[in-house]
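Order of listing sets the numbers, starting from 1, for every ligand and every atom in it.
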Amino acid sequence: MKNIILIAAPGAGKGTLAKSLKEKYDYVHISTGDLLRDAVSKGDELGLKIKDILAQGLLVEDEIVYQVLKNRLQEADCKNGIIMDGFPRNVNQAVKYEEILSDINIDLGVAILLDIEESKLIERITGRRLCSQCGEIYNIYNPAIAPKVENICNKCGSALYQRSDDNEEALKSRYATYVEKTQPLIDYYKNKNNLYIVDSGKELHYTLEQVEKILNDLGDELD
Ligand code: ADP
């Protein structure tokens, strides 16, 4: 399976898409946001430093991200096919990513941009609820993916929570950071002839079908 890099504004649906590709095809889903939040939950010195940066919607220092990411990429399952969600997030990281991958003999794969109108992001972010146990993603404003019982996971019955940076204020800063730092990646991968664009403004199955078509057209045998 081809490795995938997902590029998108916060709330565009990277995590949701990655989760469904993982469930369907056995991809490994690597979210640097999740890796960093795990580091925060350890509560050590590094965790405390990261916590403030996440709350402000700014980017964590590249070196810290490389450290958590490298550890993850060295695990054996990454040979199957990986989906990068939230990394690289600036051009420096993209260059460094190629170095890291070549050291461990993993292909770059394809970059996929999830395209969505900015106006749809607020509802997706402020309505997002996550399961504390199984990680299922819900949105209270979208009946198709709202929890059946308020604040309870449909799948495992555990309590749902809201990410501390999923509010309008932090979204403004996350979106500005995206435009400034992450959008230049679009040109970076376009120049490498390695950028594919899908519409992520509708329901998940529609986004998923577009991605499957891209991978199939590239000769990828999804299984
Ligand atoms: P989203 O993309 O929806 O904002 P993520 O879970 O991917 O959510 O990221 C949450 C936060 O984690 C970001 O706002 C940023 O502070 C930090 N982060 C995630 N990935 C990176 C990265 N590659 N480089 C720097 N900071 C990152």
Side-chain angles (χ1 to χ4, degrees), residues 3-19 21-22 29-42 46-73 82-101 108 111-118 120-132 135-139 161-186 188-189 200-201 204 207:
N3 293 327
I4 299 174
I5 297 165
L6 295 178
I7 305 175
K14 295 189 294 290
T16 307
L17 174 67
K19 239 174 143 291
L21 282 167
K22 172 184 164 179
H29 172 200
I30 301 184
S31 153
T32 42
D34 285 348
L35 292 173
L36 293 167
R37 281 185 288 276
D38 285 350
V40 170
S41 67
K42 287 192 187 132
L46 177 68
L48 287 177
K49 189 170 164 190
I50 301 175
K51 190 176 178 186
D52 280 344
I53 303 172
L54 294 190
Q56 291 172 57
L58 302 173
L59 292 189
V60 173
E61 251 170 69
D62 287 349
E63 288 305 325
I64 296 178
V65 182
Y66 300 152
Q67 199 183 317
V68 292
L69 180 67
K70 257 190 195 160
N71 294 341
R72 180 64 188 92
L73 282 172
I82 47 183
I83 301 176
M84 294 303 298
D85 161 4
F87 186 93
R89 230 176 172 96
N90 58 39
V91 173
N92 276 347
Q93 292 185 0
V95 173
K96 179 75 178 186
Y97 186 42
E98 285 160 39
E99 273 173 47
I100 297 176
L101 289 180
L108 180 66
I112 298 183
L113 170 68
L114 305 188
D115 193 30
I116 183 170
E117 285 162 54
E118 188 187 341
K120 292 193 176 161
L121 300 176
I122 292 192
E123 201 163 90
R124 288 200 176 182
I125 288 288
T126 57
R128 174 157 66 184
R129 299 291 183 276
L130 302 154
C131 175
S132 49
E136 190 67 13
I137 306 170
Y138 297 92
N139 194 297
Y161 72 97
Q162 191 170 15
R163 256 169 59 177
S164 58
D165 59 349
D166 275 354
N167 57 68
E168 243 183 285
E169 202 46 42
L171 173 62
K172 272 189 205 143
S173 140
R174 285 159 67 193
Y175 188 76
T177 307
Y178 170 74
V179 171
E180 185 194 339
K181 309 271 192 245
T182 308
Q183 269 189 353
L185 282 181
I186 297 171
Y188 181 82
Y189 289 116
S200 188
L204 169 66
T207 314

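The line from CG of L185 to CD of Q93 is 8.0 Å long, rounded to the nearest 0.5 Å. Here the CD1-CG distance, from I53 to L36, works out to 9.0 Å after rounding to the nearest 0.5 Å.
For residues 60-72, the salt bridge (Lys or Arg N to Asp or Glu O under 4.0 Å) pairs, not counting sequence neighbours, are K49-E61, R72-E75, R72-D77. Applying the side chain to side chain donor-acceptor pair (under 3.5 Å) rule to pairs touching residues 171-184 yields D166-R174, sequence neighbours excluded.
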Quick check for students: name every N or O atom pair between ligand 1 and the protein closer than 3.5 Å, with distances.
from	atom 1	to	atom 2	distance (Å)
ligand 1	2 (O)	K14	NZ	3.1
ligand 1	2 (O)	R89	NH2	2.7
ligand 1	3 (O)	R174	NH2	2.9
ligand 1	4 (O)	R89	NH2	3.3
ligand 1	4 (O)	R174	NE	3.0
ligand 1	4 (O)	R174	NH2	3.0
ligand 1	6 (O)	R37	NH1	3.0
ligand 1	6 (O)	R37	NH2	2.9
ligand 1	6 (O)	R163	NH1	3.2
ligand 1	6 (O)	R163	NH2	3.4
ligand 1	7 (O)	R89	NH1	3.3
ligand 1	8 (O)	R163	NH2	3.0
ligand 1	9 (O)	R89	NH2	3.4
ligand 1	16 (O)	L58	O	2.4
ligand 1	20 (N)	T32	OG1	2.8
ligand 1	20 (N)	G86	O	3.2
ligand 1	20 (N)	R89	NH1	3.1
ligand 1	23 (N)	G86	O	2.8
ligand 1	23 (N)	Q93	OE1	3.0
ligand 1	24 (N)	Q93	NE2	2.9
ligand 1	26 (N)	V60	N	3.0

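Side-chain atoms of D165 never come within 3.5 Å of backbone atoms of G57 as a donor-acceptor pair (strictly under, hydrogens ignored).
Taking the side chain to side chain donor-acceptor pair (under 3.5 Å) definition, one finds that R124 meets it with nothing, sequence neighbours left out.
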